[in-house]
Participant: 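So that we are looking at the same thing, I have put the structure below in C-alpha cells.
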Amino acid sequence: MSGKTWNLFWGSSFVRAPLQNGVGRYVQQLQRITFKFCKTHGGSSGMRDYIEKDLIEFARDNPGVVVYLKPRRHRSPCLKAEYLNGGEEYISTHMQSCEDVRKWVEYMRTRSGYPVERLRKYQHTDHPSIQGPWNPWIHRDPLVNIADFPQEELSAAHEYEKCATEEVLELFKKQKLPVSGGINEHHD
C-alpha cells in the first residue's frame, strides 16, 4: 500500500495524549464496556467463560469502568467500548477463546479512544525551536563520530576552563585581609 493510499484510508496525525493525561494524575479513558453475547450459542462460549471466570476481577481492578452484560438470543458475541472522548469501538469475539476475550478487554482498557492512525513523527511540539531539537551530541567534537574506540584521549576526564564566578571568588579570597588574633580591636 503506498503512502498516499494509506493516508486516504487511515489518515495520519502526530503523537498526542488526551488532555495532558498523566500530568498530575492518570485518568483512565475507558468509561464503559458492554459484553454482548448469547446464553446458548456455541460461538459465545469464550465470552461466557470470561464472564464466569474473570469479569468480577476486572470490575474490582477497574472501579472507574462501568460494565454492562447484554445477553442477546442467537446473535454473535461482541465487545463495545466507550471512551471519555466520545469514541466507540466494537470488536467481534465470535468463536474466540476466553484468553482471546481477556486480551481484547485489556487492549480496550489501555486504549486512549483515539482512532488508530499512522504517526507522521514520533515527537511533536506546538512551539518548535528555530535551532532544532537538542540531543546529547550537539556540543561534541565531530571527530568522535569517526574515532576507533577505546581511545585514551576521549576516555579521559574533561578539564573545563574556570567560569567567571569561580574567578571572582578566587580574587575575593586573595584580597581578603588576615584577621589579627582572637579579639577584634576597636579604634576610636
Side-chain angles (χ1 to χ4, degrees), residues 1-140:
M1 183 182 299
S2 70
K4 186 176 181 181
T5 307
W6 180 271
N7 288 341
L8 289 172
F9 186 69
W10 285 104
S12 64
S13 69
F14 294 106
V15 175
R16 57 187 170 177
L19 301 173
Q20 303 267 327
N21 199 8
V23 179
R25 67 185 181 105
Y26 173 74
V27 177
Q28 187 168 6
Q29 297 299 297
L30 179 64
Q31 295 297 298
R32 284 178 287 285
I33 188 165
T34 305
F35 294 84
K36 299 179 180 181
F37 63 99
C38 178
K39 292 182 180 181
T40 58
H41 193 265
S44 295
S45 64
M47 177 80 78
R48 288 192 305 267
D49 290 344
Y50 179 83
I51 291 169
E52 290 173 9
K53 296 175 184 174
D54 299 327
L55 186 61
I56 299 294
E57 184 179 339
F58 173 80
R60 188 178 301 127
D61 292 342
N62 301 285
V65 178
V66 180
V67 178
Y68 293 109
L69 297 178
K70 188 173 182 180
R72 306 177 309 167
R73 191 176 289 190
H74 308 302
R75 302 278 301 273
S76 183
C78 71
L79 293 169
K80 177 185 174 189
E82 299 174 54
Y83 295 96
L84 193 59
N85 66 355
E88 292 182 354
E89 186 172 10
Y90 291 89
I91 293 180
S92 173
T93 57
H94 181 70
M95 298 297 288
Q96 292 189 1
S97 68
C98 177
E99 184 61 31
D100 293 336
V101 174
R102 182 181 300 115
K103 288 178 184 177
W104 281 120
V105 169
E106 184 64 17
Y107 168 77
M108 291 175 151
R109 186 186 69 81
T110 56
R111 289 272 327 269
S112 66
Y114 288 129
V116 176
E117 294 177 320
R118 180 183 63 86
L119 297 178
R120 291 186 214 163
K121 295 183 189 175
Y122 292 110
Q123 61 185 14
H124 177 69
T125 179
D126 292 331
H127 309 286
S129 167
I130 60 170
Q131 299 168 344
W134 179 87
N135 65 55
W137 305 103
I138 281 191
H139 302 296
R140 300 288 173 143

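If you read the sequence from its start, that first residue is 1, and numbering goes on from there.
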Participant: In Å, rounded to the nearest 0.5 Å, how long is the span from NZ of Lys103 to CD1 of Ile91?
Facilitator: 13.5 Å
Participant: Test of understanding: with side chain to side chain donor-acceptor pair (under 3.5 Å), list the residues that count as partners of Glu106, not counting sequence neighbours.
Facilitator: Arg109
Participant: Going by heavy atoms in the side chains, are Asn62 and Leu30 under 4.5 Å from each other?
Facilitator: no
Participant: Output the distance between atom OG (Ser44) and atom CE (Met95), rounded to the nearest 0.5 Å.
Facilitator: 10.0 Å
Participant: Please, which pairs that meet ring pair (Phe, Tyr, Trp, His ring centres under 6.0 Å) have at least one residue in residues 50-77, sequence neighbours excluded?
Facilitator: Phe35-Tyr50
Participant: For Trp104, run the side chain to side chain donor-acceptor pair (under 3.5 Å) check against Glu99, Gln96, Glu89 and tell me which one passes.
Facilitator: Gln96
Participant: Does a side-chain heavy-atom distance below 4.5 Å link Arg111 with Gln29?
Facilitator: no
Participant: Which pairs count as salt bridge (Lys or Arg N to Asp or Glu O under 4.0 Å) when at least one residue sits in residues 29-42, sequence neighbours excluded?
Facilitator: Arg32-Glu82
Participant: Would you indicate whether Arg120, at its atom CZ, is surrounded by more than 12 heavy atoms from other residues, nucleotides or ligands within a distance under 6.0 Å?
Facilitator: yes
Participant: According to side chain to side chain donor-acceptor pair (under 3.5 Å), who are the partners of Asp100, at least two apart in sequence or on a separate chain?
Facilitator: Ser97
Participant: What salt bridge (Lys or Arg N to Asp or Glu O under 4.0 Å) pairs are there with at least one residue in residues 60-78, not counting sequence neighbours?
Facilitator: none
Participant: Under the side-chain contact (heavy atoms from CB on, under 4.5 Å) test, which residues partner Pro115, sequence neighbours left out?
Facilitator: Arg16, Glu117
Participant: Check ring pair (Phe, Tyr, Trp, His ring centres under 6.0 Å) between Phe37 and all other residues, then give those that pass, not counting sequence neighbours.
Facilitator: none
Participant: If you look only at pairs with a residue in residues 40-55, which of them pass as a salt bridge (Lys or Arg N to Asp or Glu O under 4.0 Å), with sequence neighbours excluded?
Facilitator: Asp54-Arg102
Participant: With sequence neighbours left out, write down each residue that passes ring pair (Phe, Tyr, Trp, His ring centres under 6.0 Å) with Tyr83, or none if nothing qualifies.
Facilitator: none
Participant: Among all residues two or more places apart in sequence or in another chain, which pass the ring pair (Phe, Tyr, Trp, His ring centres under 6.0 Å) test with Tyr114?
Facilitator: none
Participant: For the atom pair CD (Gln28) and CG (Leu84), what is the distance rounded to the nearest 0.5 Å?
Facilitator: 10.5 Å
Participant: For Val67 and Ala59, which heavy atoms make the closest approach, and how far apart are they?
Facilitator: CG2-CB, 4.5 Å
Participant: Under the side chain to side chain donor-acceptor pair (under 3.5 Å) test, which residues partner Thr40, sequence neighbours left out?
Facilitator: none
Participant: Please give me the minimum heavy-atom distance between Ser92 and Ser76, naming the atom from each residue.
Facilitator: OG-OG, 4.2 Å
